[in-house]
Each structure stands twice: as C-alpha cells, then as structure tokens.
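Before I ask anything, here is the structure I am working with.
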Amino acid sequence: MSSYSSNDIKFMSRAIQLAQLGGVKAAPNPMVGAVITLDDKIIGEGYHRKYGEHHAEVNAVHSVKDKTFLKKATIYVTLEPCSHHGKTPPCADLIVKHQFKRVVIACVDSFAKVSGRGIKKMRDAGIKVEVGLLEKEAREVNKRFFTFHEKGRPYVILKWAQTADGFIDRSQEDRKEGINWITTPAVKPLVHRWRSEEQAILVGWKTINNDNPKLTVREISGPSPHRFIIDPNCRIPLGSHVVKDGGHTTLFVKKNDYTSLPDHIEVIELNEYSVRIILSILKEKGIISLFVEGGASTLQAFINDGLWDEARVLSSDVKFGKGLEAPKITDDLKSNTEKIEDNSITYIQNG
C-alpha cells in the first residue's frame, strides 16, 4: 500500500478541483483533472473541458513548455487514463510516450474499455503507477459516470416542492390563474443551477398542461438540459413553451397523433411504459444524468421502482389544505436539511 505525502494529497485535491470545472459539458465522458509536478512544484495542469475535445492529461501536458521535464515529473490524475481510441487517442499512450517518472491515480475507470488496462499499459512501460489517493472524493465527483457504467442507467435526481401539510399542488378546481408557488423566488437560482448540472430533465404531460414550464436555465448562466416528457396520449398543448421555444425536447408517446410538431421535437413511440424502459432509452442516448421534476405520479414511479439516487425536497410554511399529495419516500434513508430564507431543502440519498 502506498504511503502518500501531504503534497500528494494537495496535488490530487487540486486535480479534483480542476475536474469539476468540466461539469456537464464533459458528459457522457467523466470529469477529469490532471496536475503535473516536478520537485513538488506544479509545472502543468489541465482538465477535460468538453466532450470530444482533449482529455485532462493532454491539456496538462500541453501546458508544460519544456517537455524534457516530463521524464522526471509526476502526474496526478483523478481517473485512470484511457487506453482505447475513442474521440481522442489514448492518454495512457501519451504518458508512456513522455516516460513520466510517476503516475498517481485517484480511482480506476469502471468503463469496460478502460478498466485496469491503462494502468497495466503504463506499468508495462516501466512507469511507477499508484492508485487510490482520494478515491472516495474522486468517485463522488463522477458519481453520474460511475452509475451509468456500473448500474447501466443514468444517475437520477428527483426534485419536488411540497407544502407544510404535504401537498405538491392544489386540486384542479382550486388552482388560481398561473402557477401556484410553494417556495419563494429565493430558491429559483438554485433550482436552475441544479438543472444546468444535469444532461436531461423529465416531467409528465400534466406538468406541461398545468404549469406550462420552460424547464430551462434562466436565472444563472449555464446550459439547459435536454427535455423529456412522458406524454402517452399526445396531450400537451401545441402552444406550450416546450413546443414553441426551439429547445431540445423528446416526447414519449404510445402512438404519435401529433401532425405539426416543429423540428426540434423528437417523438419516441413506446408500446410499454415503465421507468426502467425510459431509463434504458436514455442510456442508449448517452445520457448519464437525469433531473426528474414532476409530477407526483412520475416521481412516485421512480421511488416505487427504486430507480433513483438523490431526492431534493423543497418545502415552506405554505398550506393548501387539500390537493395533490406529494410523493412519499417510506425508507429510512440518510438526509440533511438546509434553509434558504423561508424555504427548507431536504437532501435524501438512496443508498
């Protein structure tokens, strides 16, 4: 077992910090950071900025002006360097080419085309390779990627707002004009940041009909997720935002009865509906993370099937008295709560 120095920990911590800069733009690739040091000083660093572009190791090597230093250098990488030809050449080959003295890796890549092969390739070339430094922290950064490859589905985050008396919405006859807000405007930037961190967002058709949401990122600067809508009987209004605004949108229907949808809307016909089937389609599309925002029956279906990883439940002192009951998680799971003005946010981990 390797004995890591305080500098090793410092440099890997920096690599993990860099990895997170890639964010959702790196998906479906993992977020990876790399730091190159010589005599315990950083001489180069980089991260995977965007899917299809250079990986972290390449960007780090490119940042070193004098490449002759690399033979004496250590490179810290948050994930095992790839060993296969994908959109870019193998990073393990690049490290072998420059004959790094030492490679420190946070965690092994569970992607079948890489898992252990990059490490073997570098060790076979005579390079000292150490694995496991800050592994837990590095896996947390890439929990979406690891879930995708280890569980065969996207990482699923459930989100809803509920009243103090346990309702997610008013009864149809009690709804006032427009949206019936439960939380205050203070949480909107946070919810939009959550959306910007995931590749896809999913709701049921009733959410579109009742609230006409945009399901985009507007309160902060960031990318909007691909919208997926469960719409078995083709009932969403053609005048709704998701139909008219040009954003990437996919409808799941039983039989496509729509006749004049714009080009930005994809329609997928399903003979059978289940959470597992929908997640398998998203996996085929390379979607590694999904933000589920409603409605109650859609959210409860994910809970009942156990096909979720996090829940973020917003609440306030508002009471409806009656209405549509909020989803229920009956398992005793790890959770913590924070306050934003008059709102509470409970974060629940499934496992």
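Please read these numbers as outputs of a predicted model, since none were measured by experiment. Numbering of residues begins at 1 and proceeds along the displayed sequence.
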With heavy-atom distances below 4.5 Å as the criterion, would you say the side chains of Phe148 and Tyr155 are in contact?
no

Can you tell me if Asp124 has over 12 outside heavy atoms packed within less than 6.0 Å of its CG?
yes

Using the rule given for ring-ring contact (aromatic ring centres under 6.0 Å, His included), can you reason through Phe252 versus Phe228, listing the C-alpha separation, both sets of side-chain angles and the distance that settles it, and then say yes or no?
CA-CA 7 Å; Phe252 292 117; Phe228 289 85; 5.8 Å; yes

Cation over ring, Arg312 on Tyr347, under 6.0 Å and within 45°?
no

Of all heavy-atom pairs between Pro327 and Ile303, which one has the smallest distance, and what is that distance?
CB-CD1, 3.8 Å

Same cluster (ILVMFWY, side-chain, under 4.5 Å), Leu190 and Ile157:
yes

hydrophobic_cluster_shared for Leu202 and Ile268, side chain cutoff 4.5 Å
yes

Would Val217 end up clustered with Val292 when hydrophobic side chains under 4.5 Å apart are linked, directly or stepwise?
no

If we only count heavy atoms from C-beta on, is the Val187 to Leu314 side-chain gap below 4.5 Å?
yes

Between Glu45 and Arg14, is there a side-chain heavy-atom distance shorter than 4.5 Å?
yes

According to the interplanar angle, ranging from 0 to 90°, do the rings of His226 and His248 count as parallel (below 30°), tilted (30 to 60°) or perpendicular (above 60°)?
parallel

Modelled atom types, side-chain donor and acceptor of Arg276 and Ser274, under 3.5 Å:
no

Cationic tip of Lys322 above Phe167 ring, under 6.0 Å, 45° of axis
no

Taking atom OG1 of Thr78 and atom CZ of Arg139, what is their separation to the nearest 0.5 Å?
12.5 Å

Given Val103, which of Ile127, Thr74, Val96, Ile119 fulfils the side-chain contact (heavy atoms from CB on, under 4.5 Å) condition?
Ile127

I'd like to know whether NZ of Lys319 has more than 12 heavy-atom contacts from other residues, nucleotides or ligands below 6.0 angstrom.
no

Any chance the side chains of Trp160 and Gln162 put a donor and an acceptor closer than 3.5 Å?
yes

Write down the atom of Gln199, the atom of Ala27, and the distance for their closest heavy-atom approach.
CD-CB, 3.5 Å

Supply the atom-to-atom distance Asp211 CG to Asp169 CG, rounded to the nearest 0.5 angstrom.
6.0 Å

Do the charged groups of Glu266 and Lys285 touch, with an N to O distance under 4.0 Å?
yes

Same cluster for Ile220 and Val24 if Ile/Leu/Val/Met/Phe/Trp/Tyr side chains link at under 4.5 Å?
no

Would you call the rings of Phe11 and Tyr76 parallel, tilted or perpendicular, where under 30° means parallel and over 60° means perpendicular?
tilted

Least distance between heavy atoms, Cys82 atom then His55 atom:
SG-ND1, 3.7 Å

Glu272 vs Ile277 side-chain heavy atoms within contact, under 4.5 Å
yes

Taking CG in Asp66 as the centre, count heavy atoms belonging to other residues, nucleotides or ligands within less than 6.0 Å. Is the count above 12?
yes

Asp305 side-chain N/O to Leu307 backbone N/O, donor-acceptor pair under 3.5 Å:
no

Is there a side-chain contact between Pro30 and Phe146 in this structure, where contact means two heavy atoms from C-beta onward sitting under 4.5 Å apart?
no

Check: Thr207 and Pro213 side chains under 4.5 Å, non-hydrogen atoms:
yes

Taking every non-hydrogen atom, the tightest pair across Pro90 and Ser83:
CB-C, 3.7 Å

